[in-house]
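First the proteins, then the strands, lettered A, B, ... as listed; each starts at 1.
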Number of protein chains: 2
Amino acid sequence: MDNPAVSTAAAPSTADRILDAAEDLFAAKGYSATSLGDVADRVGIRSPSLYNHFKNKEALYEAVLERLLAVFSAPLAELDGGPVTNERVFYWLEAIVRQHHANPNLARLLQHAALSGGPHTNELIDRLFRPMFRPDARIEGGALTLFENTGLQPWAVMAFNNLVMSYVTMAPMYRDLLGQDPFSETALENQLSLIKMLLHAVFEYKGDASGSA
Amino acid sequence: MDNPAVSTAAAPSTADRILDAAEDLFAAKGYSATSLGDVADRVGIRSPSLYNHFKNKEALYEAVLERLLAVFSAPLAELDGGPVTNERVFYWLEAIVRQHHANPNLARLLQHAALSGGPHTNELIDRLFRPMFRPDARIEGGALTLFENTGLQPWAVMAFNNLVMSYVTMAPMYRDLLGQDPFSETALENQLSLIKMLLHAVFEYKGDASGSA
DNA sequence: CGGACCAATGTGAATAATCGCGCCTCTCAT
DNA sequence: ATGAGAGGCGCGATTATTCACATTGGTCCG
């Protein structure tokens, strides 16, 4: 009836359902702790059937990663297409936060990779973070001159990135600790205003960076 | 000659060497991805010999956790012993940061637990974070009145915690991305001044928390 | 229009590797 | 000698992977 490649909202193909299941499991338990039996169970097939769609476990993992990276690289490329102004940093940060809320799995996968230093760590770095540190990727208007002379700018960028990502990787814990769903709509708004407030504070802060107890 | 429990700097016992090896491996790869063979190899013994010191893999994991929690609960208890003033928050934050630099493994273990929601997650939460949210654990002097009425305070506390912990859990990546050793002495000082600056900025910031793109 | 053909996709059985773990033996210091 | 601690052996379970085979749906030919 309808070509699956053009269908508007057809039932997802088996390959897609395998990707969905594998993404969730890899993100939660990591690569080696995820068994193909678990994946197959979620899809509702037997594990040998997976090999009709993916060469092996490794290829499945890479396919999961590829699908996620395609989505998450978009806002970064968007920021790349113009001057890095204050307002666009806010806009971009909000886009990133919303994206991680919509799909927490990339952050979780990345966290697993960073912890165990798997072979995919380098690809993740190159695709997600390297573009942030291009020589022309400087914030204009002197908003962050505070960092310029201290060499702290890349670390500050990563700190804000941590703020966004570890919200997601720690989310299961927050559910128990604070008794709220960290992925609810109101939690999203809370996190957004908190991060924006921090960014505002940094933009406006003119004090020196040396602290004392 | 000397009682191992009182020895000043004696050679570590086999049990301690097992704990050291297991701690590193659990922290890097997580519980199920760590094999007892890996642990035994690091210690230089065969895996069945591990059972002379620990009942099973699970007990080994719990022993690792217990040893770490004993160390990391200390500064929290210290903060508990007096009024939560601005200065003491700075002092306490610095203590936490230094501790995570000295031993990154607790943060990594916690991150694994949060991601996969293992059975130990609750104990970690209770021992590490729950004390932060006691009813009397309010920052005095009105420094954070900004949060009081928004209900954001616990989330803000966790955000700063994320800042500290994800520095450690992401550290292997930062080594490749920024080309510096994240655990060097200068990197520690950089992170400290960055975090203190953020905290200062928050303390001084009086704007409203709602942002717009 | 019916039947041969074929590619896609599922299954169960089998395999080799790994892992947690128990059992038994050996060794060595007190 | 005696008991703590190390090694060797091997069982049973799990896993990734392969393979031979059944089923299905669609296509093409007569």
Side-chain angles (χ1 to χ4, degrees), chain A residues 1-7 10-65 109 112-113 116 118-120, chain B residues 1-7 10-65 109 112-113 116 118-120:
Chain A
M1 198 59 80
D2 45 3
N3 185 327
V6 197
S7 65
S13 71
T14 304
D16 285 335
R17 286 167 48 230
I18 293 173
L19 282 175
D20 291 340
E23 184 184 302
D24 284 344
L25 289 168
F26 283 144
K29 316 201 294 180
Y31 180 80
S32 46
T34 300
S35 81
L36 293 184
D38 292 342
V39 177
D41 281 350
R42 279 217 186 186
V43 181
I45 59 179
R46 306 289 150 224
S47 64
S49 304
L50 297 177
Y51 289 82
N52 288 324
H53 304 272
F54 300 94
K55 183 170 150 286
N56 51 28
K57 189 182 178 182
E58 177 73 14
L60 173 57
Y61 181 84
E62 278 165 12
V64 165
L65 215 57
L109 239 32
H112 277 292
S116 52
H120 307 280
Chain B
M1 199 59 76
D2 45 4
N3 185 325
V6 196
S7 65
S13 70
T14 304
D16 285 335
R17 286 167 49 229
I18 293 173
L19 282 175
D20 291 340
E23 183 184 302
D24 284 345
L25 289 169
F26 283 143
K29 316 201 294 180
Y31 180 80
S32 48
T34 300
S35 80
L36 293 184
D38 292 341
V39 178
D41 282 350
R42 278 217 186 185
V43 181
I45 59 179
R46 304 290 146 221
S47 66
S49 301
L50 297 177
Y51 288 82
N52 290 322
H53 304 272
F54 299 94
K55 182 170 152 289
N56 53 27
K57 189 183 179 182
E58 178 72 15
L60 174 58
Y61 181 84
E62 278 165 10
V64 165
L65 215 57
L109 240 31
H112 277 293
S116 50
H120 306 280

Describe the nucleic acid contact of A:Ser32 in one word from base, sugar-phosphate, nothing, applying a heavy-atom distance below 4.0 Å.
nothing

Tell me whether the OP1 or OP2 atom of C:dG20 has a side-chain N or O from B:Ser47 closer than 4.0 Å.
no

According to a strict under-4.0 Å criterion, is B:Ser49 in side-chain N/O contact with OP1 or OP2 of D:dG7?
yes

Pair B:Asn52-B:Thr14, side-chain contact (heavy atoms from CB on, under 4.5 Å): steps then yes or no
CA-CA 10 Å; B:Asn52 290 322; B:Thr14 304; over 6 Å; no

With a 4.0 Å limit, can you tell me whether B:Ser35 has a side-chain N or O closer than that to the phosphate oxygens OP1/OP2 of C:dT18?
no

A:Asp38 or B:Ile18, whichever maps to the more 5' nucleotide of DNA chain D:
B:Ile18

Please state how far atom CZ in A:Arg17 lies from atom P in C:dT9, giving the value in whole angstrom units.
12 Å

Just how far, in rounded Å, is P of D:dG8 from CD1 of B:Ile45?
12 Å

Rounded interatomic separation in angstrom, taking CG from B:Leu50 and P from D:dG5
13 Å

Phosphate OP1/OP2 of C:dA8: any A:His53 side-chain N/O under 4.0 Å
no

What is the distance from NZ of A:Lys57 to C1' of C:dA17, rounded to the nearest Å?
13 Å

For residues 18-43 of chain A, tabulate all N or O donor-acceptor pairs below 3.5 Å that involve a side-chain atom, not counting sequence neighbours.
from: A:Asp20; atom 1: OD1; to: A:Arg67; atom 2: NH1; distance (Å): 3.1
from: A:Asp20; atom 1: OD1; to: A:Arg67; atom 2: NH2; distance (Å): 2.9
from: A:Glu23; atom 1: OE1; to: A:Arg67; atom 2: NH2; distance (Å): 3.0
from: A:Glu23; atom 1: OE2; to: A:Asn103; atom 2: ND2; distance (Å): 3.0
from: A:Glu23; atom 1: OE2; to: A:Asn105; atom 2: ND2; distance (Å): 2.8
from: A:Asp24; atom 1: OD1; to: A:Asn105; atom 2: ND2; distance (Å): 2.9
from: A:Lys29; atom 1: NZ; to: A:Asp38; atom 2: OD2; distance (Å): 3.0
from: A:Tyr31; atom 1: OH; to: A:Glu58; atom 2: N; distance (Å): 3.3
from: A:Tyr31; atom 1: OH; to: A:Glu58; atom 2: OE1; distance (Å): 3.3
from: A:Thr34; atom 1: OG1; to: A:Leu25; atom 2: O; distance (Å): 3.2
from: A:Thr34; atom 1: OG1; to: A:Gly30; atom 2: O; distance (Å): 2.7
from: A:Ser35; atom 1: OG; to: A:Gly37; atom 2: N; distance (Å): 3.4
from: A:Ser35; atom 1: OG; to: A:Asp38; atom 2: N; distance (Å): 3.1
from: A:Ser35; atom 1: OG; to: A:Asp38; atom 2: OD1; distance (Å): 3.4
from: A:Ser35; atom 1: OG; to: A:Asp38; atom 2: OD2; distance (Å): 3.4

What integer distance in Å separates B:Asp41:CG from D:dG7:P?
11 Å

Which pair of non-hydrogen atoms, one from A:Pro12 and one from A:Asp16, has the smallest distance, and what is that distance?
CB-CB, 4.1 Å

B:Asn52 CG to D:dG8 C1': how many Å, rounded?
13 Å

Heavy-atom pair of closest approach, residues A:Phe54 and A:Ala63:
CE2-CB, 3.7 Å

Once base and sugar-phosphate atoms are separated, protein heavy atoms under 4.0 Å mark nucleotides 22-30 of chain C, 5' to 3', with B, S and - as B--------

Separation between NE2 of A:His120 and NE2 of A:His112, rounded to the nearest 0.5 Å:
13.5 Å

Distance in angstrom units between A:Phe54 CZ and C:dT9 P, rounded
11 Å

Give, for atom NZ of B:Lys57 and atom OG of B:Ser47, the distance between the pair rounded to the nearest 0.5 Å.
11.5 Å

Distance check needed: C:dG20 P versus B:Leu36 CG, whole Å only.
4 Å

